Amino acid sequence: MSDGSGPRVKFTKTSCYLCSEWLSDDAIEPHLQECNRVLDLCPEGCGLLVLRRDLASHKNRCAAGFSEDGETATVNHQQATTTTTTINRSDTPVFLRVISPPEPTIVGGDVNELRRMLLEMHRALGEEMVLRTELLAQVRRLKQRLELADQWTVKVNEALVSMNKLVNEEANRRSAAVRSLEHRQELLEAWRLDITTRFNVIESKPSDVREGSHPNGGVRSSVEGGSGHPEQECPELQRMVVENLVERQAKTACRVQDALRQTFESEERVQVLTGQVEKYRRETYYTKQRLDGLQAQLLHEDRLSGISNQNGRCVWHIGGFEQRFTESQEHDTMLKGPLFTHQPFGYVLQMEVSLYGIGTWRGRNMIVGLTVLRGPHDTLLQWPCRLPGTVYLRDQPDDRATACDFSKAILAKRHSQQHERHQYVYIPHTTVRSQHFVRDDAIFLEVVLDRPNDGDAVT
């Protein structure tokens, strides 16, 4: 840590940007030439880009491979049905194609038009499958990158914690060493002061002896003769002590400077690691933003696929009528029908029915209601809304010419809106069980909304 050197991590593997497989640096280029997720142009000439691993299944369903007579060049007359299924390991969709035996050629002016429409449908379906495959692959790669970023963030945070702990320990150790050196310096100063005091006392003693022994010349002369030796040795001892103290102080100052330098280098490393952590956090936030956008797009597509139709008409098949009737009698269950809209980008509606009845109609009538739900385009529509329509209980006779449906007017509303008329319509149980309304233990309920002239809801 003192010289700033340490073990360095060297990455010897690289992730393939197509299939996310980890490979060595020497094998990445051959792998890219043989990767099964490379997009290749269809050899049949339809113009689509297809994954290399799905190329075989695409050839079996490619519209460009058909002849003008509607027969394929690879189907034998002895095979009744040939099914080709391709399932890969990832989350890509499964392609299934059934080729029926050749049929007689239809002679007419609409054959070319039908063939052209069929080719356009095949091309559109192929493009949609490729787009969905690429979207799922992107989501998977983004998830892997997010997991990798999270792992790197955890590792960097652990490294920062360890580095901070080491820096704190080193700073504490250096502080303790500095305090010890300061204490030793104080002791040396006290020892120097004591030595100086003793030297002063020793220097003052000869003069006292000289003054006290003046009447006796022998004693004075002997003291004067012996007093020259301490005066010669004391400056030399003082010089040695001072040089020792100066040397120790210089060493202490060098050690303090070394400790400060190492602390400064540690702080610089911590700042660099903090910048890297901030960079990883920004990249993680950007990845999460892209992932949230893709999830919102998938949720929007899922929401659109859940709407049955957008023309203000819905046919609801209620199977298991007797069992549902018993459950409604015992638990007051309210069945919910499929979602639909009165027009594209319009109100989202749903039928609800109580087979055994509710309130004062319980046990005598079936209750049908029409509810306006919250939709993605409510801010562009008019509120409150009143959508009039008609509910039909469809008759199911053997001869459709004799069918006689039961109908009643209904008004669509939200649960928070209060209307006095046509909130719910009732159909007597005697009517439900008469004629052919119940057949094969199932009934059909149909609702058709009225279409105003201006195309908007009646307010």
Side-chain angles (χ1 to χ4, degrees), residues 1-10 152-281:
M1 182 175 177
S2 60
D3 56 354
S5 64
R8 297 181 179 272
V9 179
K10 182 178 180 181
W152 274 104
T153 303
V154 172
K155 291 182 180 179
V156 171
N157 288 333
E158 293 177 354
L160 283 177
V161 172
S162 302
M163 183 63 68
N164 289 330
K165 189 179 297 183
L166 292 175
V167 169
N168 293 332
E169 292 178 357
E170 184 68 19
N172 293 332
R173 189 172 65 84
R174 296 296 181 181
S175 299
V178 169
R179 287 195 298 269
S180 177
L181 292 175
E182 290 178 352
H183 180 65
R184 292 181 63 181
Q185 186 176 4
E186 291 177 357
L187 292 177
L188 289 174
E189 289 291 339
W191 181 69
R192 180 183 178 184
L193 182 61
D194 185 36
I195 292 296
T196 304
T197 304
R198 290 183 181 183
F199 285 157
N200 294 332
V201 172
I202 291 172
E203 289 177 355
S204 63
K205 281 183 179 181
S207 61
D208 294 338
V209 173
R210 188 182 301 111
E211 292 175 359
S213 302
H214 182 69
N216 192 354
V219 175
R220 178 179 179 184
S221 61
S222 63
V223 172
E224 289 178 355
S227 62
H229 184 70
E231 291 178 355
Q232 295 176 358
E233 292 182 355
C234 288
E236 184 68 20
L237 183 60
Q238 287 182 357
R239 185 179 62 78
M240 293 175 61
V241 171
V242 169
E243 290 178 354
N244 191 9
L245 289 176
V246 170
E247 183 180 358
R248 291 187 178 183
Q249 287 180 354
K251 291 182 179 180
T252 303
C254 291
R255 292 178 181 179
V256 171
Q257 292 295 331
D258 190 15
L260 292 176
R261 181 181 60 79
Q262 293 181 0
T263 305
F264 180 72
E265 291 178 356
S266 300
E267 291 179 353
E268 287 184 346
R269 292 179 183 177
V270 170
Q271 290 179 359
V272 173
L273 292 176
T274 304
Q276 292 180 357
V277 170
E278 185 65 24
K279 177 183 176 182
Y280 292 148
R281 287 178 180 174

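It should be emphasised that the depicted structure is a prediction, and the values quoted were computed from it without experimental measurement.
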What's the spacing between L193 CG and T197 OG1 if we round to 0.5 Å?
4.5 Å
Hey, what do you get for CZ (R173) to CD (Q262), rounding to the nearest 0.5 Å?
7.5 Å
Roughly how far, to the nearest 0.5 Å, is CD of Q276 from CH2 of W152?
9.5 Å
Under 3.5 Å: donor-acceptor pair, side chain of N244, backbone of M240
no
How long is the straight-line distance from CD of Q249 back to SG of C254, given to the nearest 0.5 Å?
12.0 Å
Electrostatic pair E158-K155, nearest N-O below 4.0 angstrom
no
Please lay out, stage by stage, how L273 and V156 fare under the test side chain to side chain contact (heavy atoms under 4.5 Å, CB included).
CA-CA 8 Å; L273 292 176; V156 171; 5.5 Å; no
Inter-residue atom distance T252.OG1 - E182.CD, 0.5 Å rounding:
9.5 Å
Flag the pair D258 and R255 as a salt bridge only when some basic side-chain nitrogen lies within less than 4.0 angstrom of an acidic carboxylate oxygen.
no
Minimum heavy-atom separation for L160 to V270, with atom names?
CD2-O, 4.5 Å
Should L166 and E169 count as side-chain neighbours, where that means a heavy-atom distance under 4.5 Å?
yes
Is the side chain of N168 donor-acceptor paired with the backbone N or O of N164 at a distance under 3.5 Å, no angle test?
yes
Donor-acceptor pair, side chain of S180 and main chain of A176, under 3.5 angstrom
no
Between the CG atom in L181 and the CZ atom in R174, the distance rounded to the nearest 0.5 Å is 10.5 Å
